[in-house]
There are 2 protein chains.
Amino acid sequence: MKPDPRRAVRPLGSHAAAARHAAHLRALNIDRVLSVAMDRPGTFTRAELIEATGLSAPTVGSLSSHLIQTGVIRDLGTGPSRGGRRPSLMEFNARHGYVAGIDLGPTRTRLAVADLRGDPIAHRIVSTPSEEEPAQLLGKIAAALRSLMDEAHVPVEGLLLVVAGAPGAVDIKNGTVAFAPNLPRWTDVAMRLLLQRALGGTPVMVENDVNLALLGEHWRGAARGHDTCAFIFVGTGIGAAILIDRELHRGNHFMAGEIGMMCMGPQYIDMDFGTRGCLETLAGLEALRARWPQAARDDPAGWLTDLIAAADAGDPHARQAVGETARLIGIATANVVTVVDPSLIVLGGAMFAQAGPLVGHVRAVVESIARTPTQVVVSALGKEAPLAGCLLVAAMEARKHLRQSLRSAAGLVRMVQ
Amino acid sequence: MKPDPRRAVRPLGSHAAAARHAAHLRALNIDRVLSVAMDRPGTFTRAELIEATGLSAPTVGSLSSHLIQTGVIRDLGTGPSRGGRRPSLMEFNARHGYVAGIDLGPTRTRLAVADLRGDPIAHRIVSTPSEEEPAQLLGKIAAALRSLMDEAHVPVEGLLLVVAGAPGAVDIKNGTVAFAPNLPRWTDVAMRLLLQRALGGTPVMVENDVNLALLGEHWRGAARGHDTCAFIFVGTGIGAAILIDRELHRGNHFMAGEIGMMCMGPQYIDMDFGTRGCLETLAGLEALRARWPQAARDDPAGWLTDLIAAADAGDPHARQAVGETARLIGIATANVVTVVDPSLIVLGGAMFAQAGPLVGHVRAVVESIARTPTQVVVSALGKEAPLAGCLLVAAMEARKHLRQSLRSAAGLVRMVQ
DNA sequence: GATAATAGTAAACCGCTTTAATTAAGTCTT
DNA sequence: AAGACTTAATTAAAGCGGTTTACTATTATC
């Protein structure tokens, strides 16, 4: 382990094994500059970097030229003067790499390619019938993503990361889908492995789709500025996602927020719980449909709209069906509010997509129970929320990785020369 | 804002405004060494610091002498040889400062003084009848703390921080007790301000006592190693504390975990909720007592023991009272498990202090509902848990503050000389 | 057009850490 | 018991990187 004192003299300016901790300082500063640069929506100057980072002008100058050389930052020439020498404008090169998002759904899957800001470049919807084998579906999705990138002239080798969302219990550590209630074939599927293989080795991350929807809403939707909030998804299944201090809370077994299994009262506990007594079976879409006898006569897609219309018109049966459902969802929501105390609850999923009045019911129930002034709003991004979350996570992770690789490659690139 | 170039020549070796960012590097390393030193339970050598911090020998040497000079680290002379020159032993000086903890209770208040490891030096219990004015009580507590320190020969000026726990809603930002269900006089009490004044200016932090109990259990009790877990407190009131990744989760209005207000089913929602329909009124100590007609005849302290004994003996009334209570607590616990997905639940409070069998009931209910294998155990520290949490928080915060002050005072202290 | 303000670069300096060499004080082997 | 080897800690020299200071370039303002 001892270094051989007789080893070859280190060449002047050699990068390897340079003073480790002075280099660490430089790495920190590269990170600082890059963070500022990436978060700026538009162009910026060296002077602005000095202001924002607190570093001195020569340091910022040196780091800027280094980062321009690597291509992460682009030089845009001189800008308008503000009463003196004209500044040279720079911009974070959001196309220094690309990311993709995949929102796997029970019948349709949404794809998108985006730049490093997360801004979508192209998107597409492919049909993914749940009868097909997961491996086949993932192959189909990968092929669609490739053709999408081709059409958008995004180079394959530029794809840095793909984030995929799946409904159900996702083990983000192993990248597997443990089980998905509405996708019976998706049990213990190594989604990350299969996708990564089908994509020729591109890194893949897998996450629960409700979690991604919440991140999407927090980024560009109804939850902007709410750093501790929750998303309550009600469709055929019921689930919640929880954001705490801007971080997803997933729980010890990746089961945090799986409120479909919540017990709604002592009277339900002796039933065969899980098939009859839990929230999902009492207040999911199927349960609501069962409360509305006319549903069977209508088409499978439009019954909810009809039910809501009937309730609005004053039909007592419809009103009761909606009221009972909203009451249960409201209690569950209030329980989340009581335990987590978020500043906002976002309601989403098919139950709320067309059913505006339901939101009001739920809000009223929450307000009558909870002791905190928690806002209850409906999703702003709707079906696009999980995909937006995919792109956000992908862009953020890719940027983090980029910063790390630039830090460790902190060369000596002396100014000019 | 521009520095005057003609300003007086800076004296050689002046600390102020030295090269800012090289000094920052030193500050980081001081922090690193101190963190290692503080976390070592016993003595350590320079060689061990080199190993643990990854820094070079000269750096560790320089930092060690500096820290010994300041007194945070003590030199213990040479230790036993391990086949070469004998190392010089050092030790974190846990008495470089002191902290105190105060666990305010409805009838009794626990006090303790501890060193910077959080190890108690002396403790005491003072009676604090809830009829008295908060300001008076706090004065009494402060006086008791002073006399306790006096007896233990702890210098007053060495007291760095006091952490106090209170039952009820505590605003840790402002250091106020918004309200405490069992302490009617404690509404909007500026506890931090009053205590700090009564103690002559010593910094004070205030925190909810259930939160502190959870931290105590995580530190030295039943929750050791469980970085995401919860404490469910059941006494006259009911409340929960939530730990997520070793950090307390307090919520947006400091109301996270206030499950006393949890709604236990749709049938309760139309009652005047809060006084009849919520968990606390259905399953708190008072509710259990009401379910047991014989309670009135017994003494106010021992009825719970008698009730449990009767239930154990097979008394059907007693069994039903216990069963109904445990079922409700179990559902609430399961709701917490569902939402948070912790690895462990700790049950504490008067309800479980003498009532071992109740824990089994609750565990069974949780297991029948929750879909995750979450352990349910009883508190290991009992009534001492909040005080332990006080001392932990106080010691940790004091150490953090100490590290910061030593970092910013990173002098030039050249070795020897 | 002189002046002041803004933007950026070059050179000197300085603190901190590292590597390398040295001192110190033992244990182990033959 | 003498020499060889280990382990611990200090001293010396060298280099890296950031800041300060000084200087150049460019342009709006008076």
Side-chain angles (χ1 to χ4, degrees), chain A residues 2-7 9-10 12-15 17-30 32 45-51 53-66 78-90 410-417, chain B residues 2-7 9-10 12-15 17-30 32 44-51 53-66 75 78-90 410-417:
Chain A
K2 249 185 177 172
D4 183 355
R6 286 162 304 181
R7 71 168 186 277
V9 177
R10 186 151 42 85
L12 209 73
S14 154
H15 293 199
R20 239 191 307 153
H21 281 68
H24 187 238
L25 195 59
R26 186 149 184 97
L28 280 178
N29 287 337
I30 286 187
R32 236 190 274 198
T45 68
R46 281 169 173 73
E48 282 169 33
L49 287 181
I50 293 166
E51 167 75 25
T53 60
L55 295 169
S56 68
T59 304
V60 168
S62 156
L63 294 177
S64 302
S65 5
H66 175 215
T78 57
S81 163
R82 292 201 307 131
R85 173 173 168 176
R86 283 160 48 185
S88 79
L89 294 180
M90 294 172 288
L412 303 187
V413 191
R414 281 243 161 278
M415 288 196 294
V416 191
Q417 288 180 27
Chain B
K2 246 185 178 172
D4 183 356
R6 286 161 304 182
R7 72 171 187 274
V9 177
R10 184 151 43 86
L12 209 73
S14 155
H15 293 198
R20 238 191 309 154
H21 281 68
H24 187 240
L25 197 58
R26 186 154 184 94
L28 280 178
N29 288 337
I30 286 187
R32 236 191 273 199
F44 52 86
T45 68
R46 282 169 173 74
E48 283 169 34
L49 288 181
I50 293 166
E51 167 77 23
T53 59
L55 296 170
S56 68
T59 304
V60 167
S62 157
L63 295 177
S64 301
S65 2
H66 174 216
D75 194 338
T78 57
S81 163
R82 292 201 307 131
R85 174 172 169 177
R86 282 159 50 186
S88 80
L89 294 179
M90 295 171 288
L412 304 186
V413 191
R414 280 241 163 280
M415 288 194 293
V416 191
Q417 291 177 28

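Letters go in sequence order (proteins before strands), and every chain restarts at 1.
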> For B:Ile50, give me all partners under side-chain contact (heavy atoms from CB on, under 4.5 Å), at least two apart in sequence or on another chain.
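Counting only residues at least two positions away or on another chain, B:Ile50 forms a side-chain contact (heavy atoms from CB on, under 4.5 Å) with B:Ala57, B:Val60.
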
> What pairs with A:Thr59 under side-chain hydrogen bond (donor to acceptor under 3.5 Å, both in side chains), at least two apart in sequence or on another chain?
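Here the qualifying residues are A:Ser56.
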
> If the cut-off is 4.0 Å, is A:Ser56 near the phosphate of D:dT20, judged by side-chain N/O to OP1 or OP2?
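Result: no.
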
> From the options D:dT11, D:dA9, D:dG18, select the nucleotide whose nearest atom is closest to the side chain of B:Pro58.
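Out of D:dT11, D:dA9, D:dG18, the nucleotide with an atom closest to B:Pro58's side chain is D:dT11.
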
> For A:Ala47, which contact category applies under a 4.0 Å heavy-atom criterion: base, sugar-phosphate, or nothing?
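Here A:Ala47 touches the backbone only, sparing every base.
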
> Taking side chain as C-beta onward, heavy atoms only, is B:Arg32 less than 4.5 Å from B:Leu63?
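Of all side-chain heavy-atom pairs linking B:Leu63 with B:Arg32, none is under 4.5 Å.
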
> Send over the distance from A:Met90 CE to C:dG8 C1', rounded to a whole Å.
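After rounding, the gap between these two atoms is 11 Å.
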
> In whole angstrom, what separates A:Ile50's CD1 from D:dG18's P?
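It is 14 Å, rounded to the nearest whole Å.
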
> How long is the line joining CZ of A:Arg26 and P of C:dT17, in whole Å?
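Answer to the nearest Å: 18 Å.
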
> Find the distance between CE (B:Met90) and CG (B:Leu49) and round it off to the nearest 0.5 Å.
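It is 5.0 Å, given to the nearest 0.5 Å.
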
> Give the rounded distance in Å between these two atoms: CZ of B:Phe44 and P of D:dA9.
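So the two atoms are 11 Å apart, to the nearest Å.
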
> Contact class for B:Ser88 (heavy atom, under 4.0 Å): base, sugar-phosphate, or nothing?
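Sugar-phosphate, backbone atoms only, no base.
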
> Please tabulate, one pair per line, all N/O donor-acceptor pairs under 3.5 Å involving side-chain atoms of residues 81-88 of chain B, not counting sequence neighbours.
from    : atom 1 : to      : atom 2 : distance (Å)
B:Ser81 : OG     : B:Gly83 : N      : 2.9
B:Ser81 : OG     : B:Gly84 : N      : 3.1
B:Ser81 : OG     : B:Gly84 : O      : 2.7
B:Arg86 : NE     : B:Gly79 : O      : 3.3
B:Arg86 : NH2    : B:Thr78 : OG1    : 2.7
B:Ser88 : OG     : B:Arg46 : NH1    : 2.8

> Which parts of nucleotides 23-30 of chain D does protein reach within less than 4.0 Å, heavy atoms only, written one letter per nucleotide 5' to 3' as B for base, S for sugar-phosphate only and - for none?
--BBBS--

> Return the minimal non-hydrogen interatomic distance between B:Gly61 and B:Ser65, and the atom names on each side.
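That would be O-OG, 2.6 Å.
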
> Round to a whole Å and report the spacing from CD1 of B:Ile30 to P of C:dG15.
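To the nearest whole Å, that distance equals 15 Å.
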
> Is the phosphate of D:dT7 approached by B:Arg46 (side-chain N or O, under 4.0 Å from OP1 or OP2)?
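For B:Arg46, the contact criterion (side-chain N or O under 4.0 Å from OP1 or OP2 of D:dT7) is not met.
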
> Rounded at 0.5 Å granularity, tell me how far NE2 in B:His24 sits from CG in A:Leu28.
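If we round to the nearest 0.5 Å, B:His24:NE2 and A:Leu28:CG are 7.5 Å apart.
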
> Bend across the helix from C:dG1-D:dC30 to C:dT30-D:dA1, to 10°, with axes taken over 5 pairs at each end?
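Roughly 0°, once rounded to the nearest ten degrees.
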
> Rounded to whole angstroms, how far apart are CD on B:Glu48 and C1' on D:dA9?
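Those two atoms, CD and C1', are 14 Å apart.
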
> Can you tell me the distance, in whole Å, between the CD atom of A:Glu51 and the C1' atom of C:dG8?
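To the nearest whole Å, that distance equals 17 Å.
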
> When you check the phosphate oxygens OP1 and OP2 of C:dC16, does a side-chain N or O of B:Asn29 lie under 4.0 Å from one of them?
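For C:dC16, neither OP1 nor OP2 has a side-chain N or O of B:Asn29 closer than 4.0 Å.
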
> Starting at atom CG of A:Leu89, determine the distance to atom P of C:dA7, rounded to an integer number of angstrom.
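Going from A:Leu89 (CG) to C:dA7 (P), I get 11 Å.
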
> For A:Thr45, what residues pass the side-chain hydrogen bond (donor to acceptor under 3.5 Å, both in side chains) criterion, not counting sequence neighbours?
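By the side-chain hydrogen bond (donor to acceptor under 3.5 Å, both in side chains) rule, A:Thr45 matches no residue at all.
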
